[in-house]
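These notes concern the structure reproduced below.
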Amino acid sequence: QVQLVESGGGLVQAGGSLRLSCAASGRTFSANAMGWFRQAPGKEREFVSAISRGGALTYYADSVKGRFTISRDNAKNTVYLQMNSLKPEDTSVYYCAGRAGDYYYTRFSDYDYWGQGTQVTVSS
């Protein structure tokens with residue numbers, strides 16, 4: 001079982017940056033593909049970005065492409081989401097997720113493990 005804990009959320013002005021971290025417990029982190037999702041109040045959880053277990057493959061939602069960067073450090077059992085040029089519409093609770101596999105995965109149902117979420121609020 002993998003446990004995930006997100007951190008790094010907060011309040012930032014539009015145009016600013018934040019870096020989210022997701023720390024994983026367990027010895028199998030390097031065998032897991034990872035993803036980031038977000039959920040705004042009253043909306044469904046949506047895909048943001050994903051990365052393969054070795055980090056060679058990444059994928060982004062169109063809404064964040066060119067502004068967000070996903071990365072991972074398997075030695076530290078951590079996946080990151082660097083968020084630049086933030087917009088008010090990026091305001092959400094951000095969740096990291098994981099699953100065994102060697103590709104990237106974009107659907108909510110693809111993932112087996114979820115963190116508790118971290119709030120990101122972007123003011124205009």
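This one's a predicted model, so the numbers in the text were calculated from it and none came from an experiment. Hydrogens, waters and symmetry mates are skipped; everything else that's a heavy atom, side chains included, is used.
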Residues in side-chain contact (heavy atoms from CB on, under 4.5 Å) with Ser30, at least two apart?
Asn74

Pairs satisfying salt bridge (Lys or Arg N to Asp or Glu O under 4.0 Å), at least one member in residues 94-106, at least two apart:
Arg53-Asp102

How many angstroms lie between SG in Cys96 and CD1 in Ile70, if you round to the nearest 0.5 Å?
9.5 Å

Enumerate the salt bridge (Lys or Arg N to Asp or Glu O under 4.0 Å) contacts for residues 67-77, please, sequence neighbours excluded, ordered by first and then second residue.
Arg67-Asp90

Kindly write out the residues that satisfy side-chain contact (heavy atoms from CB on, under 4.5 Å) with Thr28, not counting sequence neighbours, or none if the list is empty.
Val2, Asn32

Tell me, with the steps shown, if Leu81 and Val48 meet side chain to side chain contact (heavy atoms under 4.5 Å, CB included).
CA-CA 10 Å; Leu81 186 68; Val48 175; 4.1 Å; yes

In terms of hydrophobic clustering (I, L, V, M, F, W, Y; side-chain heavy atoms under 4.5 Å; direct or indirect links), are Met34 and Tyr94 co-clustered?
yes

Just jot down the side-chain contact (heavy atoms from CB on, under 4.5 Å) partners of Gln116, sequence neighbours excluded, or say none.
Val5, Glu6

Working to the nearest 0.5 Å, report the span between CZ of Arg38 and CZ of Phe68.
5.5 Å

Beyond-backbone contact of Cys22 with Trp36, side-chain heavy atoms, under 4.5 angstrom
yes

Interatomic distance, OH@Tyr105 vs OG@Ser52, rounded to 0.5 Å, equals 9.0 Å

Atom pairs and distances, side-chain donor-acceptor, residues 117-124, under 3.5 Å, sequence neighbours left out:
unit_1: Thr118; atom_1: OG1; unit_2: Gly9; atom_2: N; d: 3.2
unit_1: Gln119; atom_1: NE2; unit_2: Ser92; atom_2: O; d: 3.4
unit_1: Gln119; atom_1: NE2; unit_2: Thr121; atom_2: OG1; d: 3.3

Return a table of donor-acceptor pairs under 3.5 angstrom between the side chains of residues 14-21 and protein atoms on other chains or two or more places apart.
unit_1: Ser17; atom_1: OG; unit_2: Asn84; atom_2: OD1; d: 2.9

For Lys43, check side-chain contact (heavy atoms from CB on, under 4.5 Å) against everything at least two apart and list the hits.
Ala40

Ring pair (Phe, Tyr, Trp, His ring centres under 6.0 Å) against Phe108, all qualifying residues, sequence neighbours excluded
Trp114

Going by side-chain heavy atoms closer than 4.5 Å, which hydrophobic residues are tied to Leu11, directly or by a chain of links?
none

Results of ring pair (Phe, Tyr, Trp, His ring centres under 6.0 Å) for Tyr95 - residues two or more places apart only
none

Under a single-linkage rule joining Ile, Leu, Val, Met, Phe, Trp and Tyr whose side-chain heavy atoms are separated by less than 4.5 Å, which residues share a cluster with Tyr80?
none

Leu4/Tyr111 under side chain to side chain contact (heavy atoms under 4.5 Å, CB included): CA gap, chis, key distance, verdict
CA-CA 12 Å; Leu4 306 175; Tyr111 289 88; over 6 Å; no

Before you tell me yes or no, could you show the steps for Tyr60 and Thr58 under side chain to side chain contact (heavy atoms under 4.5 Å, CB included), namely the whole-Å CA-CA distance, both residues' side-chain angles and the distance that decides it to 0.1 Å?
CA-CA 7 Å; Tyr60 299 91; Thr58 59; 3.8 Å; yes

Are Tyr103 and Val79 grouped together when hydrophobic residues (ILVMFWY) are joined by side-chain heavy atoms under 4.5 angstrom apart?
no

Strictly distance-based, threshold 3.5 Å: is any side-chain N or O of Ser25 a donor or acceptor partner for the main-chain N or O of Gln3?
yes

Taking the six-membered ring for Trp, are Phe47 and Tyr59 parallel (under 30°), tilted (30 to 60°) or perpendicular (over 60°)?
tilted

